[in-house]
Structure formats: structure tokens, C-alpha cells
> 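I have a structure I would like to understand better, so I am pasting it below and will then ask my questions one at a time.
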Amino acid sequence: QLELVESGGGLVQPGGSLRISCVAKTFTLDYYAIGWFRQAPGKDYEEVSCISSESGRYTNYADSVKGRFTISRDNTLNTVYLQMNSLKPEDTAVYYCAPLEPTDTCSRLHRNGLDNYWGQGTQVTVSS
């Protein structure tokens, strides 16, 4: 059974930075493409970034975060990161990572991960 654990969220001021992590607990992460999603109160899930499997050659970003967020992966640590800079109050949400098809090249963003998987997420709050 797939299990991903998100961490690194917290409270940050507008304009600040945060890096959140996604660690695979029960499988080898490099086999899968990975998506970072978020859900703000009262809103649907939104994928903000995607990275392809293995080397992570392909990435994609939602327009709302393009130029501010960077996704990366360290397969030696079985971890995918999301570096978030120039944070805005509208970035406030619970952030989730989810596995995607191994062959996914992130040419488009997704509604959800494989088998509609959702972990416990990590809360990011941007407020002064």
C-alpha cells in the first residue's frame, strides 16, 4: 500500500519562504511521477506542481505559483520537495503530495493522484 508523509508546513509572513517535503514510507519513490496538491478552506483540491519519475526531467506548475514555487526530488532520500518563495496569503492551504503514473511527463496538471490517494497533508498558513 502506498504511503506518503508530508511535513514542513507552518506559519510564515507574506513574502516569506517555506520548503515542504514528501517522503515515501512504503515504496521506492523514484518509480512514480509525483504531484503536489493543495486544498484551501471551502475549495477543491488544486494541483500546484508535478515532477516526472526517476530523474525528474519534466516539471509543471499552476499559473498561480509559476515563478515562485520549485519542485525537486532526491531519490536517495526517497523525498520530493516543494520550495515556496514569495508566499502570499492566498497560498494558505493544506498541501498534499500524491503519486502519479510512472510514465507521466507532467504535460498537464491533474485533479488527483493515483487511486485518489490523499495523505494527512501539511498546513501552510501565510499571514502577518
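In what follows, residues are counted from 1 in the order of the sequence shown.
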> Would you please say whether a donor-acceptor pair under 3.5 Å links the side chains of T76 and D74?
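Yes, side-chain donor-acceptor contact under 3.5 Å.
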> Is it the case that atom NZ in K25 sees more than 12 heavy atoms from other parts of the structure closer than 6.0 Å?
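No, the 6.0 Å shell around NZ holds no more than 12 heavy atoms from other groups.
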> Between Y45 and Y96 (judged by ring centroids, cut-off 6.0 Å), do the two rings come close enough to count as a pair?
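So the answer is yes for these two rings.
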> For the side chain of Y32 and the backbone of S52, is there at least one donor-acceptor N/O pair under 3.5 Å apart?
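The answer is no, because no donor-acceptor pair under 3.5 Å joins these two groups.
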> Look up atom CD in Q39 and atom OH in Y95, then write down how far apart they are to the nearest 0.5 Å.
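Going from CD on Q39 over to OH on Y95, the span is 12.0 Å.
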> Tell me, with the steps shown, if T70 and L82 meet side chain to side chain contact (heavy atoms under 4.5 Å, CB included).
CA-CA 6 Å; T70 302; L82 187 67; over 6 Å; no
> Below 6.0 angstrom between ring centroids: does that apply to W118 and F37?
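Between W118 and F37, the centre distance is under 6.0 Å.
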> So, T79 side chain and L77 main chain: donor-acceptor pair closer than 3.5 Å or not?
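Yes; judged by distance alone, with no hydrogens or angles, the pair exists.
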> Measure the spacing between CG of N112 and OH of Y117 and express it to the nearest 0.5 Å.
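OH of Y117 is found 13.5 Å from CG of N112.
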> Does the R38 side chain pair with the main chain of E46, one donor and one acceptor, at a distance under 3.5 Å?
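Checked: no pair found.
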> Has the side chain of T92 got a donor or acceptor atom that lies under 3.5 Å from a matching backbone atom of V126?
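Answer holds: yes.
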> Evaluate the salt bridge (Lys or Arg N to Asp or Glu O under 4.0 Å) criterion for residues D91 and K88: first the C-alpha distance (whole Å), next the side-chain angles of each, then the deciding distance (0.1 Å), finally the verdict.
CA-CA 5 Å; D91 295 316; K88 305 175 181 180; over 6 Å; no
> Side chain to side chain contact (heavy atoms under 4.5 Å, CB included), that's the test. Do C50 and L100 meet it? Break it down for me.
CA-CA 9 Å; C50 172; L100 304 169; 3.6 Å; yes
> Is it true that, when you exclude Q123 itself, more than 12 heavy atoms of the residues, nucleotides or ligands shown sit nearer than 6.0 Å to its CD?
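More than 12 within 6.0 Å, yes.
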> Count the heavy atoms of every other residue, nucleotide or ligand shown that sit under 6.0 Å from CG of D115, and state whether that count exceeds 12.
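Not buried by this count: 12 neighbours or fewer within 6.0 Å.
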> Hey, does the side chain of N78 reach the backbone of L29 with a donor-acceptor pair shorter than 3.5 angstrom?
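Pair found, side chain donor or acceptor close to backbone of L29.
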> I'd like to know if D44 pairs up with R111 as an ion pair, taking the criterion as any Lys NZ or Arg NE/NH1/NH2 lying under 4.0 Å from an Asp or Glu carboxylate oxygen.
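No salt bridge links D44 with R111.
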> How many angstroms lie between atom CD of E47 and atom SG of C106, to the nearest 0.5 angstrom?
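Nearest 0.5 Å value for the CD-SG distance: 7.0 Å.
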> Taking the side chain from R57 and the backbone from S53, do they hold a donor-acceptor pair closer than 3.5 Å?
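A pair under 3.5 Å: no.
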> Step by step, work out the side chain to side chain contact (heavy atoms under 4.5 Å, CB included) result for L4 and V23.
CA-CA 6 Å; L4 293 165; V23 178; over 6 Å; no
